[in-house]
Amino acid sequence: MLNAIDDALLLYQEVCGLAALVEFKIRLLAENQLGFQANKLEDIEDKLLEWLKKIRGLENFDHWKKMRQLRNKVLHSEFQQARSKLQELGHKTGLGFVKKLSFTDFDTQEILSSVDKARSDHESYPFVSDQEQSEVGILGWLMELYSSGDLEMAKMVFQSASKDLDELIKYSGS
């Protein structure tokens, strides 16, 4: 179980790094191409999207705005809302079938017993995906996104955006 948590945290760290890199590239492009700086990424994106519309006829403003919102949800550990943003971006999200477990103390026997019971008892041990993040906690929802593949999907979204921005940076330099 701890290996899965470690793996989820490593992937989360990678996703956060990519999300931050995308923001950096957006700011760099706006600064170099438009001479525009602002504290709010939303303001930068608006100016940048206006420029992109002129040079490339870009009309999909909504995609970039939703990607920024996804970045915010991921970086702020709002995992349930991050799943919704992935859906809004057109990605099919999965279910991780992670269940909420609670322990009175960290007795090995109690933990193993609870895990065994949770495998078959769906009423006493609800699925995380059926609960609000505030009810199951941040770790429960991180594990839900990790187990469902949604965290990996967020990684791919940011990798793709990073590549797109690399192309725009090359284009603006020529």
With sequence neighbours excluded, residues passing side chain to side chain donor-acceptor pair (under 3.5 Å) with [X]:
X: D166; value: K25
X: K155; value: E14
X: S160; value: none
X: S77; value: Y12

What is the minimum heavy-atom distance between [X] and [Y], and which atoms define it?
X: A161; Y: V22; value: CB-CG2, 4.0 Å
X: Y146; Y: A4; value: CE2-O, 3.9 Å
X: A82; Y: L145; value: CB-CD2, 4.3 Å

Side-chain contact, heavy-atom cut-off 4.5 Å: [X] with [Y]?
X: V74; Y: C16; result: yes
X: L165; Y: L21; result: no
X: L151; Y: L142; result: yes

* Side-chain (D150) to main-chain (G94) donor-acceptor, under 3.5 angstrom ->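 Yes: the side chain of D150 pairs with the backbone of G94.
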
* Verify, without hydrogens or angle tests, whether S147 (side chain) and M143 (backbone) share a donor-acceptor contact under 3.5 angstrom. =>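 Confirmed, S147 side chain pairs with M143 backbone.
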
How long is the span from the [atom1] atom in [X] to the [atom2] atom in [Y], to the nearest 0.5 Å?
X: E23; Y: R27; atom1: CD; atom2: CZ; answer: 4.5 Å
X: M153; Y: F158; atom1: CE; atom2: CZ; answer: 12.5 Å
X: I169; Y: N32; atom1: CD1; atom2: CG; answer: 8.0 Å
X: S84; Y: F79; atom1: OG; atom2: CZ; answer: 14.0 Å

* Asked: Taking ILVMFWY side chains as joined if any heavy atoms are under 4.5 angstrom apart, and letting links pass through other members, which residues group with L95?
  ->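 Noted: L95 shares its cluster with F97, F127.
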
Those residues that, when tested against [X], pass side-chain contact (heavy atoms from CB on, under 4.5 Å) (two or more places apart):
X: E78; answer: K73, H76, Q81
X: L89; answer: H63, K66, L70, H91, V157
X: D121; answer: E123, S124, Y125
X: R68; answer: L41, E42, E45, K65, R71, N72

* **Stepwise side chain to side chain contact (heavy atoms under 4.5 Å, CB included) test for K92 and L86** => CA-CA 8 Å; K92 185 172 173 24; L86 283 168; over 6 Å; no

When the side chains of residues 113-120 are checked against the rest of the protein, which donor-acceptor pairs come out under 3.5 Å, sequence neighbours left out?
unit_1 : atom_1 : unit_2 : atom_2 : d
S114   : OG     : E110   : O      : 3.0
D116   : OD1    : R119   : NH1    : 3.2

* Shared hydrophobic cluster for L168 and L28 (ILVMFWY, side-chain gaps under 4.5 Å) -> yes

* Verify same cluster id: L10, L139 (apolar side-chain graph, 4.5 Å) ->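 Per the 4.5 Å side-chain linkage, L10 and L139 are not co-clustered.
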
* Asked: Which residue pairs pass the side-chain hydrogen bond (donor to acceptor under 3.5 Å, both in side chains) test when at least one of the two sits in residues 131-144, sequence neighbours left out?
  ->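 Matches after skipping sequence neighbours: R83-E144.
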
